[in-house]
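Okay, so here's the structure we're looking at.
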Amino acid sequence: MDLEEQHWKISLRERIEAMLAASAIADAMAGPFEGRDTEKSRRFLKEGGWIDDFSVYPAAYQHYWNVYSRHAKAGTFTDDTRLRLLVCQAMIENSKKSASDFLTRKALAQFIFDEYQEARISYEKQVQDNSIKFLEQPVSLREKFLHLWFMWEITKTATSVFVPQKPKLLSPPAERNAVREYTSEPWFCKPVKPYTVKTDLKSQFNNSSYDRGEVLPLGLITLPPLSVFFPGDPRGCFKFVREIDFFDIGEAPIYAATAAAILSDLLGGKSWPELILEIQEFGLEFYLGAEKTHELSDLDQKIITAIMLSHRFRSRETEANKENFAPFASALYDRFAVGEEIMCTIGEMLPVALAIMDYSPQDLKWLIEFGVNYGRDNDTVASLAALFGGAAYGMKTIPQKWMEVVSRANRVDFHELAEGLSRISTDKRVEFSSDVF
């Protein structure tokens, strides 16, 4: 059976499972190494460095990447995957209630807030006095509370939803030192007033990059699962996600909607060569059935540049491998990396992920390793590339031992999630309507 015939025999359910599993694996492998700046990333590859297995998180990362576990197991994924999977759970649970509003901002916010409140109540039952040292409380309840507290903060960022302070909300104190407080010092919970995180996020940037949406990849890493409702229909998917995007700031929604649209085409069975050739020949405007905008034109040019780089470096060698990847990654840094910053803008994340997908052989092991070893904001870049790869190639090239490590470390069943998403993809006929929003 040739590759083309194998490609068409992959079911939608398997493609969904593979995109969720592969992206989680890539995120978990990259997380402990996230944040190498451009030159460190370049030097790491040039000197023969390579990451091809899971590692434990350095102590300082335990909070910084929102991995709320005192001793996170190797294979623990970061907030990128946890928020994406929480959206998947919201899609599945809310679809049981209503056919018309289960994907609105309000519905998502309510689902996550309810989960947060449940974790808060369970935790408070064990903590009668907030002066008790936080680290002395039951580990599983503490970690679940912290995880969902963070998810709720992100949801407020996403939806700008205000929630009445009934019952009171609890939060860890804002001033905390990850290393010191996580190892020995007391950590107290305190009541907090409801507010929108968006204002606080904006204050972190001293230029207009926030308003342009350049520094908000949240939709890009969170909303791709919406593509399961539009297999083979990138135009419908783009239109839907563009409208529903919970992170509607500046150009960010264009990137999230484009990523979901490409993913929908791969879930529908279109091969990667067919898809990328169509974009190259006709441009995003035609591919997405969208009106020409400055943001779309800018993204179109970035994607074309990224794919041209991929084609150029791929044609130099007979096989993609770690030695050949170093000069390719260096060329990507030169074209897309902004200064020496450790984090990527969305203008780097999506084109680079697509370039890595294009550069890789039809093998998820290699694709994940390339994404992980890109450096910089590598957990997001790697998980994005793996989303595309999983949807295109299915489960057959994901190493089973990687699956077992990540499933065990995070107590997640990708097969069950994929079954749920596949079921609502078939049962629910989601029709785009701006009235819903």
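Keep in mind that what you see is a predicted model, and the values were worked out from it rather than measured.
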Flag, side chain of S23 to backbone of L384, donor-acceptor distance under 3.5 Å:
no

Criterion side-chain contact (heavy atoms from CB on, under 4.5 Å) on L45 and Y333, from CA distance to verdict
CA-CA 12 Å; L45 290 173; Y333 301 149; 3.8 Å; yes

Using only atom types and a distance under 3.5 Å, with no angle test, would you say the side chain of N410 pairs donor to acceptor with the backbone of F77?
yes

Answer yes or no: is there a side-chain heavy-atom contact under 4.5 Å between W50 and F325?
yes

L267 versus L12, closest heavy-atom pair with distance:
O-CD1, 3.8 Å

Are the side chains of K322 and E369 in contact, using a 4.5 Å heavy-atom criterion?
no

Closest approach of L364 to G389 (non-hydrogen atoms, all atoms of both residues):
CD2-C, 3.4 Å

Cation over ring, R235 on F286, under 6.0 Å and within 45°?
yes

Under the ring pair (Phe, Tyr, Trp, His ring centres under 6.0 Å) rule, what do F230 and F240 come out as? Steps first, then yes or no, please.
CA-CA 9 Å; F230 300 88; F240 183 77; 5.4 Å; yes

Quick check: do E17 and L417 have side-chain heavy atoms less than 4.5 Å from each other?
no

Straight-line distance of L296 CG to L284 CG, nearest 0.5 Å:
5.0 Å

Expected output: side-chain S425 to main-chain V228 donor-acceptor under 3.5 Å:
yes

Flag for E348-T345: side-chain donor and acceptor within less than 3.5 Å:
no

Measure the shortest side-chain to side-chain distance between V56 and P32 over non-hydrogen atoms and say whether it is less than 4.5 angstrom.
no

Short side-chain to backbone donor-acceptor contact, D358 and S310, under 3.5 Å:
no

Is the backbone N or O of I51 less than 3.5 Å from a side-chain atom of N373, with the two atoms forming a donor-acceptor pair by type?
yes

A261 to Y287 - nearest heavy-atom pair and separation
O-OH, 3.8 Å

Does atom CD of E291 have more than 12 heavy-atom neighbours, drawn from other residues, nucleotides or ligands, at distances under 6.0 Å?
no

Any chance you could lay out the side-chain contact (heavy atoms from CB on, under 4.5 Å) test for I368 and W402, step after step, and finish with the verdict?
CA-CA 11 Å; I368 288 170; W402 287 2; 4.0 Å; yes

Can you give me the closest heavy-atom contact between A26 and A386, atom names plus distance?
CB-CB, 4.0 Å

Looking at R408 and E404, is there a salt bridge between them, counting it only when a charged N and a carboxylate O are closer than 4.0 Å?
no

Apply side chain to side chain donor-acceptor pair (under 3.5 Å) to residues S264 and D233 and explain how you reach the verdict.
CA-CA 6 Å; S264 73; D233 181 12; over 6 Å; no

Should K270 and E278 be marked as a salt bridge (charged side-chain N to carboxylate O under 4.0 Å, His left out) after you check the CA-CA gap, both sets of side-chain angles, and the distance that decides it?
CA-CA 11 Å; K270 182 175 285 186; E278 185 175 347; 2.8 Å; yes

Look only at the side chain of D27 and the backbone of S383, and say whether a donor-acceptor pair between them is shorter than 3.5 Å.
no

Are C88 and L20 close enough that some pair of their side-chain heavy atoms sits under 4.5 Å apart?
yes

Value for CE (M91) from CD (E93), rounded to nearest 0.5 Å, stands at 12.0 Å

Can you tell me how far apart CG (D379) and OG1 (T81) are? Round to the nearest 0.5 Å.
8.0 Å

Quick one: does any side-chain atom of R376 pair with a main-chain N or O of R36 as donor and acceptor, under 3.5 Å?
no

Enter the distance from L266:CG to M19:CE here, rounded to the nearest 0.5 Å.
10.5 Å

Can you run down the side chain to side chain donor-acceptor pair (under 3.5 Å) pairs that involve residues 295-308, sequence neighbours left out, and say none if there aren't any?
Y255-K302, K292-S297, D298-K302, Q301-T305

Where the side chain of R15 meets the backbone of A391, is there a donor-acceptor pair that is under 3.5 Å apart?
yes

Are side-chain heavy atoms of H311 and Q280 found at a separation under 4.5 Å?
yes

State the CZ-CD1 distance between F414 and I398, to the nearest 0.5 angstrom.
9.0 Å

Identify the heavy atoms of A18 and M395 that sit nearest to each other, and give their distance.
CA-SD, 3.3 Å

Quick one: do I92 and L421 satisfy side-chain contact (heavy atoms from CB on, under 4.5 Å)? Show the steps, please.
CA-CA 6 Å; I92 294 170; L421 290 175; 3.9 Å; yes

Atom pair CD (E251) and CG (L299), whose distance is rounded to the nearest 0.5 Å:
8.5 Å

Side-chain donor or acceptor of R13 paired with backbone N/O of A418 under 3.5 Å:
no

What I want to check is whether the side chains of D363 and Y393 have a donor and an acceptor closer together than 3.5 Å.
no

For the residue pair R84 and L387, establish whether any side-chain heavy-atom pair is separated by less than 4.5 Å.
yes

Option among F313, Y374, W272, F370 that satisfies the ring-ring contact (aromatic ring centres under 6.0 Å, His included) test with Y359:
F370

When you measure from the side chain of S422 to the backbone of E419, do you find a donor-acceptor pair of N or O atoms at a distance under 3.5 Å?
no

Closest heavy-atom pair, I424 versus S95, reported as atoms and distance to 0.1 Å, is CG2-OG, 3.1 Å

Does any non-hydrogen side-chain atom of W366 lie less than 4.5 Å from one of T397?
no

Using side-chain contact (heavy atoms from CB on, under 4.5 Å), reason through L220 and L223 one step at a time and then give a plain yes or no.
CA-CA 6 Å; L220 192 60; L223 297 174; over 6 Å; no

